[in-house]
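Take a look at the structure below.
Scope of the values below: all heavy atoms of this structure, side chains included, with no hydrogens, waters or symmetry mates. Convention: sequence-line order gives letters A, B, ...; per-chain numbering from 1. Remember, it's a predicted structure, so these values are computed and weren't measured experimentally.
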Amino acid sequence: MLEIKNLKAKVETDEGGKDILKGLNLEVKAGEVHAIMGPNGSGKSTLASVITGREGYEVQGGEVLFEGNDLLELSPEDRARAGIFLAFQYPVEIPGVSNTNFLKTAINEIRKSRGEEAMSSVDFLKMIKEKAKFVEIEPEMLSRYVNVGFSGGEKKRNEIFQLAMLNPKLSILDETDSGLDIDALRVVANGVNKLRTKDNAFIVITHYQRLLNYIVPDHVHVMFQGKIVKSGGKELALHLEEFGYDKIDEIKEEAAV
Amino acid sequence: MEKISTENIDLKIKLVEDFNNLEVNLNGESKNNIHKIRQNAIASFEELGFPVKRMEEWKYTNLKPVLKHDFKTVFEPAKTQLKRKDLEKYLVEGLKVNLLVFINGQFNEKLSTIVTRSEKVFIGSFSEGRISYSNIVEKHFSKYADYKNRSLTALNTAFAKDGAFIYIQKGIQVAEPIHILNIADATDESIMAQPRNLFIAEEGSEVKIIEDYHSRGENYSFTNVVTEIYCAPNARLDRYKIQNDNEKAYHVGTTQVQQEKDSYFSDTTISWGGAITRNDLNAVFNGTNTECHFYGLYLLTGKQHVDNHTLADHKMPHCYSNELYKGIIDDNATGVFNGKILVREDAQKTNAYQSNGNILLSEDATIYSKPQLEIFADDVKCSHGATTGQLNKEEMFYLRARGIGKDEARILLLNAFAGDVMDSVKIDELREKLKKDLSQKLIREN
């Protein structure tokens, strides 16, 4: 589904730019959950930004293919329409735009891009009701402005709710677990687990192993200084938790062997 | 006070001549009190001339491009080709209104419809009102709008013959809003229209009035309107001024509001169109415990220029005023906001708030925003603020990352930005129409 080959990218800064991704390789197949772990500054969020097309990043080499097509050529909206979803690390507050109106516009824009007709209000409301249960969202939250006045947990739940509504092929969860208490974490993880199918895939970016007790990954990758330095099964996450990122050099060495 | 100007002499001379022609044709009317005011007003206009950029109040708005045209002054009702069906596009769908139609400032009875039937309500033309309600008109006409120091008000007053006259007697609530549809028709030649409106809401009465301006035709039009509004004690008046002119229309308008104690006045001024627009909105709080709201929205494209000047004049204690103006400016357009809160010495316990927000969509778009507070009382709560920015990039990315196209995302965010001004419109059908107009204008722009 997703193939990343030798990806090099820098972030634009006032000083002209800083290299972040330094030759990253990753392959994600349908039905898989990949966890990407790594210390702060290793480039995890940059990877999410480059895949989704955020402004301010410059790709300097390598390629990103989604279902065989060059993703980097597409606008952010066309990537979303192709089936890529990012659960934001810091969901943006948008005063004046209600959650419902936002989702309805998003769904219909995606449908339009596929040559489908706009969804009827009845179907839309039915879908909202059904998916809201998934992530235990209060219906009252839907009439509020997007993320305005939401608690940290509500914002993250709202991201997973949007994921459920848009039903993407590839979802990237960017530190969705950070700052969540255990109950909120469980809600979010349950939501994701219910959405897993053999046809979709997830990339779970996280700093902590805790989330992976709930969302069990097929593959775990350790990212360091802009590259994936080690990959393994779910036991790698436990290993990392035990030794900590301070021992990253040992992990790297192990990887080099 | 505006200083004397010697510029723009040609149109000025022409207008003074026009006034003399008007006077010749007045017959018996030339002796009455209203005409005495007209004569004083033309003298005042002759002395003051048109405003020029040297004046502080006109620093950012240049009338020179307006004054170079040869406008025909319209002060008699003229035949019109317009039929009822031509007006449909201007009406608010699904809304039952009292419709007053003015073509080039002259009342057109045939195209108008009055649905509110009450002896205690007059909804009609100023030309009729000043005859059938002469006492009332003489009591209020030109008592609030200052023709001695304001040249455009002087000019309008000199030619004050027709416009809308609305008179709501004590305790009456008018259920159906009043829609005053002004059409500047420059199909055959460039025209100048000077409607003069007078709205009087007596004690405890309530009314909602839509003042709506459109223009048509290939030639230029210049509208110079003055609206005087009187809110008696405990009266409630909502006014919506909507300007949807074409790119060959010039519009200057003064609204002067007099509020007595316990009265409520709310205004929403929407500027969609026109080449050059200047709105002056002044409210004087002449009694205690008055409440006043000023809302405004301007969406400017091309080379449009819109200048909004407002004044909340707190003369008495315990009054409340709140102002919110928002602007979206694209291309080479220019917006001006000059909002003043004046709290006089006696106006203790005043609450006065003001805010102006702008979004600039292009590098060449300009906004001059000047909030002003002048406070002479010591026990007051006042605040003002102005913000100017671009569309928020993070919000844009968030929407686009959900599959919403760039243009659609932009429209969503700009609609949200305008939302709180839109919410000030209490007539549901009108609010929906305005929201649609906004979205359509934003789409056209792309």
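Closest heavy-atom contact between A:Thr105 and B:Glu408: CG2-CG, 3.8 Å. For the residue pair A:Ile110 and B:Gly403, the shortest heavy atom distance occurs at CG1-CA, 4.1 Å. The two atoms that bring A:Ala106 and B:Ile404 nearest to each other are CA-CG1, 3.5 Å, heavy atoms only.
Within a 6.0 Å sphere centred on CD of A:Glu55, heavy atoms belonging to other residues, nucleotides or ligands number 12 at most. Heavy atoms from other residues, nucleotides or ligands lying under 6.0 Å from NZ of A:Lys155 number more than 12. Enclosure of atom OH in B:Tyr90 by more than 12 non-hydrogen atoms of other residues, nucleotides or ligands within 6.0 angstrom is indicated. In the displayed structure, B:Lys433 atom NZ is contacted under 6.0 Å by more than 12 heavy atoms of other residues, nucleotides or ligands. Environment of CD in A:Glu140: crowded, with over 12 heavy atoms of neighbouring residues, nucleotides or ligands closer than 6.0 Å. Heavy-atom neighbours of B:Gln390 CD from other residues, nucleotides or ligands within 6.0 Å: at or below the threshold of 12. Within a 6.0 Å sphere centred on NZ of B:Lys303, other residues, nucleotides and ligands contribute 12 heavy atoms or fewer. More than 12 non-hydrogen atoms from other residues, nucleotides or ligands lie less than 6.0 angstrom from NZ of A:Lys194.
Contact check on B:Arg402 versus A:Glu159 returns a salt bridge, with a Lys/Arg side-chain nitrogen under 4.0 Å from an Asp/Glu carboxylate oxygen. Using a 4.0 Å cut-off between charged nitrogen and carboxylate oxygen, B:Arg400 and A:Glu109 do not count as a salt-bridge pair.
Note that the CG atom of B:Leu412 and the OG atom of A:Ser98 stand 8.5 Å from one another [nearest 0.5 Å]. Here the CD atom belonging to A:Glu77 is positioned 10.0 Å from the CZ atom belonging to B:Phe397, to the nearest 0.5 angstrom. Considering OH of B:Tyr398 and OH of A:Tyr90, their distance stands at 14.5 Å, rounded to 0.5 Å.
Looking at A:Asn101, only its side chain comes within 4.5 Å of chain B, counting heavy atoms on both sides. B:Lys393 touches chain A through its side chain: at least one heavy atom from C-beta onward sits under 4.5 Å away, while N, CA, C and O do not. Of the atoms belonging to A:Glu93, it is backbone heavy atoms, and not side-chain ones, that fall under 4.5 Å from chain B. At a 4.5 Å heavy-atom cutoff, the contact between A:Pro91 and chain B is made by backbone and side-chain atoms alike.
Residues B:Glu394 and A:Arg54 have side chains in contact (heavy-atom distance under 4.5 Å, counting atoms from C-beta outward).
Note on A:Gly53, A:Ser75, A:Ala80: by heavy-atom pairs under 4.5 Å with chain B, the leading option is A:Ala80.
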### Derivation of the side chain to side chain contact (heavy atoms under 4.5 Å, CB included) call for A:Val146 and B:Leu399
CA-CA 10 Å; A:Val146 178; B:Leu399 295 174; over 6 Å; no
